[in-house]
Amino acid sequence: MIVLKNKQEQAIMREAGQILAEVLATLEKMVLPGVTTLELEEKADKMITEAGAVASFRGQPGMTVNAPPFPAATCISVNEQVIHGIPSNRVIKEGDIVSIDCGVTWRGFIADSAISVVAGKADPDVDRLVSVTRKSLLAAIKTALPGRHLHDLSFAIQSWAVNEGLGIVKDFCGHGVGRSLHEDPPIPNYGKPGTGPLLRPGMTLAVEPMFNLGTGKVKMLKDGWTVVTADGKPSAHWEHTLLITDGPAEVLTWRPGEVEG
Ligand code: MG
Ligand code: MG
């Protein structure tokens with residue numbers, strides 16, 4: 001069941017989104033050769049706590065029986081890691097893609113957003129992967145109008161991957177978000193236009209394309225969390241939480257100074 005948010009709930013989610021946006025904007029600047037993923041995690045955790053909010057990801061149950069609850073405020077996934085990487089003492093090197101996913105709970109409501117940043121100078125293919133994945137998210141945002149179907153967004157995302165010869169990760173998808181981190185509807189990163197639920201004002205959606213330089217196939221590491229590309233090639237991930245309105249979608253997690261387009 002898709003839960004619509006009333007004006008008051010929307011206002012709270014807008015605040016959650018802004019707290020999260022500040023966190024990710026700060027981390028974006030910290031992604032440089034020499035930083036560890038744990039240093040990024042600690043900064044995020046501190047900022048969330050100082051804002052009086054709660055890190056939504058910590059304690060999330062794993063998908064497999066023996067996976068422990070997620071131990072951190074951020075998922076940090078490097079290079080061939082797609083999503084759900086656990087922060088560690090790993091030192092970021094020149095040219096690494098660092099995908100940072102974070103969720104913030106504020107007065108009972110969650111915002112969810114992710115960025116992919118290259119540390120230092122990027123290989124041209126990696127640069128294209130990161131920028132095309134982001135462009136597909138922006139295309140989905142433009143498509144997120146009331147009366148359109150959900151899979152119109154999915155198709156907008158898919159089109160970018162197909163045109164650029166990138167692999168689409170199909171085993172994971174976006175989702176509704178609100179009181180819970182994962183609400184209905186699932187939002188696949190591929191699909192047929194004109195299908196899926198109708199978009200209605202008050203829906204809050206976490207849209208999150210994940211593209212790979214190789215195939216879309218992925219596997220999970222033994223830690224029960226980290227998802228990596230099956231062929232070991234790089235992956236990128238971008239995510240925003242959107243509010244469907246009477247007009248263009250409102251992006252609740254725009255970062256300060258983020259340039260649209
Ligand atoms: Mg996320
Ligand atoms: Mg998400």
Side-chain angles (χ1 to χ4, degrees), residues 2-3 5 13 16-28 31 37 40-41 44-45 47-48 53-63 69-78 81-87 97-106 109-117 130 133-134 136-138 140-141 144 150 153-154 157 168-191 203-211 218 220 225-227 235-244 249 251-255 258:
I2 300 175
V3 184
K5 279 71 178 184
M13 286 194 64
Q18 283 315 295
I19 295 168
L20 177 54
E22 294 283 349
V23 171
L24 287 177
T26 301
L27 296 193
E28 188 174 21
V31 175
T37 58
L40 299 171
E41 157 69 16
D45 208 17
M47 286 183 75
I48 293 167
V54 171
S56 320
F57 291 0
R58 185 174 285 113
Q60 285 290 323
M63 278 180 304
F70 195 75
T74 56
C75 296
I76 305 186
S77 310
V78 183
Q81 298 177 348
V82 182
I83 48 168
H84 299 170
I86 299 171
I97 307 181
V98 183
S99 297
I100 306 168
D101 193 353
C102 190
V104 156
T105 308
W106 170 250
F109 285 87
I110 296 170
D112 186 7
S113 182
I115 57 175
S116 284
V117 190
V130 169
T133 310
R134 179 165 184 270
S136 79
L137 173 57
L138 297 176
I141 291 168
L150 183 71
L153 272 73
S154 307
I157 292 169
I168 302 170
V169 176
K170 296 188 172 176
D171 288 359
F172 295 88
C173 60
H175 48 93
V177 61
R179 285 194 189 276
S180 300
L181 179 57
H182 297 116
E183 297 186 348
D184 281 338
I187 308 172
N189 290 317
Y190 61 97
M203 285 183 177
T204 42
L205 308 173
V207 181
E208 48 181 317
M210 297 158 228
F211 291 171
V218 297
M220 194 184 289
W225 280 104
T226 314
V227 175
S235 184
H237 177 214
W238 288 90
E239 177 178 30
H240 271 306
T241 296
L242 319 184
L243 167 65
I244 305 301
V251 180
L252 301 180
T253 46
W254 279 139
R255 294 178 305 289
E258 182 177 2

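These numbers come from the heavy atoms of this one structure, side chains and all, not from hydrogens, waters or symmetry mates. Each ligand, and each atom within it, is numbered from 1 in the order the structure gives.
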- request: With the Mg ion (ligand 1) as the reference point, give the N/O/S atom of D112 that is nearest.
  value: OD1

query: Can you name the N/O/S atom of D101 that is nearest the Mg ion (ligand 1)?
result: OD1

Side chain proximity check, L205 to L150, heavy atoms < 4.5 angstrom: yes

- line: When V82, D101, I97 are each screened for side chain to side chain contact (heavy atoms under 4.5 Å, CB included) with H237, the one that passes is D101

query: Side chains of T241 and T253: is there a donor and an acceptor less than 3.5 Å apart?
result: no

query: In E208, the N, O or S atom nearest to the Mg ion (ligand 2) is which?
result: OE2

Reported CG-to-CD1 distance for the pair L20 and I110, which is rounded to 0.5 angstrom: 11.0 Å

- prompt: Of the backbone and side-chain N, O or S atoms of H182, does one lie nearer to the Mg ion (ligand 2) than 2.8 Å?
  reply: no

query: Got a second to check how far I48's CD1 is from W106's CH2, nearest 0.5 Å?
result: 12.5 Å

task: May I ask you to check if any N/O/S atom from E239 comes under 2.8 Å of the Mg ion (ligand 1)?
output: yes

